[in-house]
Amino acid sequence: MSTKDDLETRVTQLEEISSHQEQLLRELDRAVYEMRTELDRLEKLSRRQQDRIESLSRAAAGDEAPVDDPPPHY
């Protein structure tokens with residue numbers, strides 16, 4: 001093989017590697033996007049559940065005022 005053939009082979013291999021990496025990057029980008037979307041959904045659900053738990057705890061204690069509020073004399 002000549003030097004020109006060697007260079008063409010190497011360039012072709014590099015182009016194939018680059019193409020595979022671009023495809024992998026697109027796939028990883030999509031996976032990160034889907035994970036972020038799911039994380040956002042789960043965070044909202046967690047907040048709603050926490051609010052519900054706090055609400056039920058106050059109702060069970062017979063106290064509708066938030067637990068973290070300072071007493072009225074402050």
Side-chain angles (χ1 to χ4, degrees):
M1 251 192 201
S2 69
T3 304
K4 182 178 178 183
D5 291 338
D6 288 341
L7 287 175
E8 286 179 9
T9 301
R10 290 182 67 196
V11 168
T12 300
Q13 289 173 340
L14 289 172
E15 287 173 340
E16 289 174 359
I17 291 170
S18 176
S19 177
H20 290 307
Q21 287 178 340
E22 287 175 359
Q23 177 63 29
L24 180 59
L25 184 59
R26 283 191 294 273
E27 291 171 9
L28 290 172
D29 185 51
R30 182 68 186 166
V32 167
Y33 173 79
E34 290 172 358
M35 287 179 180
R36 183 72 237 177
T37 301
E38 181 68 6
L39 181 59
D40 289 344
R41 185 186 72 78
L42 291 172
E43 285 174 340
K44 288 177 186 176
L45 177 63
S46 177
R47 271 184 261 143
R48 284 197 311 262
Q49 293 296 332
Q50 185 65 34
D51 291 346
R52 180 75 175 135
I53 289 169
E54 289 172 3
S55 173
L56 290 172
S57 294
R58 286 192 303 268
D63 181 16
E64 291 300 320
V67 176
D68 294 336
D69 280 354
H73 63 277
Y74 282 137

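A quick note: this is a predicted structure, and the numbers were derived from the prediction, not measured.
- For the side chain to side chain contact (heavy atoms under 4.5 Å, CB included) test, residues two or more places apart in sequence or in another chain that qualify with Glu22 are Ser18, Arg26.
- Residues that satisfy the side chain to side chain donor-acceptor pair (under 3.5 Å) test with Glu27, not counting sequence neighbours, are Gln23.
- For residues 33-43, the side chain to side chain donor-acceptor pair (under 3.5 Å) pairs, not counting sequence neighbours, are Arg30-Glu34, Arg36-Asp40, Glu38-Arg41.
- Side chain of Ser46 to backbone of Leu42: no donor-acceptor contact under 3.5 angstrom is found.
- With sequence neighbours excluded, the residues forming a side chain to side chain contact (heavy atoms under 4.5 Å, CB included) with Ile17 are Gln21, listed by chain and number.
- To the nearest 0.5 Å, atom CG of residue Asp51 and atom CZ of residue Arg47 are 9.0 Å apart.
- Leu24 shares a hydrophobic cluster with Leu28; the chain of contacts runs through ILVMFWY side chains whose heavy atoms sit under 4.5 Å apart.
- Pairs of residues two or more places apart, or lying in two chains, never qualify as salt bridge (charged side-chain N to carboxylate O under 4.0 Å, His left out) while including a residue from residues 10-21.
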